[in-house]
Every structure is written in C-alpha cells, then in structure tokens.
Amino acid sequence: QLQLVESGGGLVQPGGSLRLSCAASGRALNYYAIGWFRQAPGKEREGVSCIQNSGSSTNYSDSVKGRFTISRDNAKNTVYLQMNSLKPEDTAVYYCAAILFHCSDSVRSYNAWGQGTQVTVSS
C-alpha cells in the first residue's frame, strides 16, 4: 500500500520560499502521478500542481504559476514543491496525493493522501 508523508512546511514571511517534500513508501513511486493540493480554513481543497509519473508533464493552478515548481526524484521516491515569492493567500495545509500514471483535475480521483503540512505566510 502506498503511503505518503509531507514535510517542509512552516512559517515564512511574504516573498519568502519553502520547499515541500512528499516522501513515498510501500510502493515504487514511478507508477504514480503526484498532485499537490492545499486547503485553507473554511475553503475547499484545491489543486496546486501535478506531475505525471514519468515527470515529463507538469501543470499548475493559475494562482501559483510562475512561482511554484514541482519536481520528482523517483530514485528517492520523493516529489518536491518549490514555492517562491510566497503570499499570505498561499497560507494553507498542503497535501500530496497519488494517482496511477496521469494527473487528474478531480480531487476524488486520487487514492492515497498524506497527512498534510502547514504553510503559513505572514509578517
């Protein structure tokens, strides 16, 4: 069974950077596309970025495009989300989730989720 664990969250000032990691265990990550999602208090969970299992295709939400970069190292069974130029509206719990091979726009399509890591952007 695939298990995911996020890390790297924290408190950062506006304009700062963080790198989130999503470490997988239980199964080889190279069969799975990995999506990053976030959920702010009182809001629905939203997709942030996704990377196909091979790493050949990525996508980003409009709100993070140009600031966030998703990448993966299948040898380390880890996916990363580099977040630059952070804004207060990026504050949320960030989750990674897995789906076989290809990314999906549907949150419900992802069948393995991490526990989340808090990102707070504040001065």
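Just so it is clear, the structure is predicted and the values come from calculations on it, not from any experiment.
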(message) I'd like to check Leu29 versus Val79 (side-chain heavy atoms, cut-off strictly below 4.5 Å). Are they in contact?
(response) yes
(message) If you apply the rule side chain to side chain donor-acceptor pair (under 3.5 Å), what do you find for Ser61 with Ser63, and how did you get there?
(response) CA-CA 5 Å; Ser61 66; Ser63 61; 3.1 Å; yes
(request) Calculate, to the nearest 0.5 Å, the distance between atoms CG and CZ belonging to Leu81 and Arg19 respectively. (result) 10.5 Å
(request) Ignoring hydrogens and angles, tell me if any N or O in the side chain of Thr78 forms a donor-acceptor pair with the backbone of Ala23 under 3.5 Å. (result) no
(message) A side-chain contact here means heavy atoms from C-beta on lying under 4.5 Å apart; do Phe68 and Asp90 qualify?
(response) yes
(request) Take Ser104 and Ser106 through the test side chain to side chain donor-acceptor pair (under 3.5 Å) and record every step on the way to the result. (result) CA-CA 5 Å; Ser104 171; Ser106 171; 4.8 Å; no
(request) Kindly check if the number of other-residue, nucleotide or ligand heavy atoms within 6.0 Å of CD (Glu44) is above 12? (result) no
(message) Quick check: do Ile70 and Arg72 have side-chain heavy atoms less than 4.5 Å from each other?
(response) no
(request) Measure centre to centre between the rings of Phe37 and Trp113, then say whether the value is under 6.0 Å. (result) yes
(request) Report yes if the side chains of Tyr60 and Arg67 come closer than 4.5 Å at any heavy-atom pair, otherwise no. (result) no
(request) Tell me yes or no: between the side chains of Thr120 and Ser122, is some donor less than 3.5 Å from an acceptor? (result) no
(message) Quick check on the hydrophobic clustering: are Ile51 and Leu20 connected, directly or via other members, by side-chain heavy-atom contacts under 4.5 Å?
(response) yes
(message) For a 4.5 angstrom cut-off between non-hydrogen side-chain atoms, does Pro14 reach Leu86?
(response) no
(message) Starting from Val93, can I reach Met83 by hopping between I/L/V/M/F/W/Y residues whose side chains sit under 4.5 Å apart?
(response) no
(request) Given side chain to side chain donor-acceptor pair (under 3.5 Å), test Ser17 with Asn84 step by step and report yes or no. (result) CA-CA 4 Å; Ser17 297; Asn84 297 330; 2.9 Å; yes
(message) Working to the nearest 0.5 angstrom, can you tell me the gap between Lys65 NZ and Asn59 CG?
(response) 8.5 Å
(request) Would you give the length of the straight line joining atom CZ of Arg27 to atom OG of Ser25, rounded to the nearest 0.5 angstrom? (result) 11.5 Å
(request) Measure the CD-OG distance between Glu6 and Ser21 for me, rounded to the nearest 0.5 Å. (result) 10.0 Å
(message) Can you confirm whether Tyr80 sits close enough to Cys22 that some side-chain heavy atom of one is under 4.5 Å from a side-chain heavy atom of the other?
(response) no
(message) Using 0.5 Å steps for rounding, measure from the CG atom of Asn74 to the CD1 atom of Ile34.
(response) 9.0 Å
(request) Kindly give the heavy-atom pair with the smallest separation between Ala98 and Tyr32, and that separation in Å. (result) CB-CD2, 3.9 Å
(request) Please confirm whether Arg45 makes a cation-pi placement over Tyr95, using NZ or CZ under 6.0 Å from the six-membered ring centre and within 45° of the ring normal. (result) yes
(request) Give a yes or no on whether Tyr31 and Leu2 share a hydrophobic cluster (residues Ile, Leu, Val, Met, Phe, Trp, Tyr; joining criterion: side-chain heavy atoms under 4.5 Å apart). (result) yes
(message) Give me the atom names and distance for the closest heavy-atom approach of Leu18 to Gly8.
(response) CD2-O, 3.8 Å
(request) May I ask whether Val119 and Leu4 are part of the same hydrophobic cluster, defined by side-chain heavy atoms of I, L, V, M, F, W, Y residues being less than 4.5 angstrom apart, directly or through others? (result) yes
(request) Hey, could you give me the CD/CD distance between Gln3 and Gln115, rounded to the nearest 0.5 Å? (result) 10.5 Å
(request) State, yes or no, whether a side-chain contact exists between Lys43 and Arg38 at a heavy-atom distance under 4.5 Å. (result) no
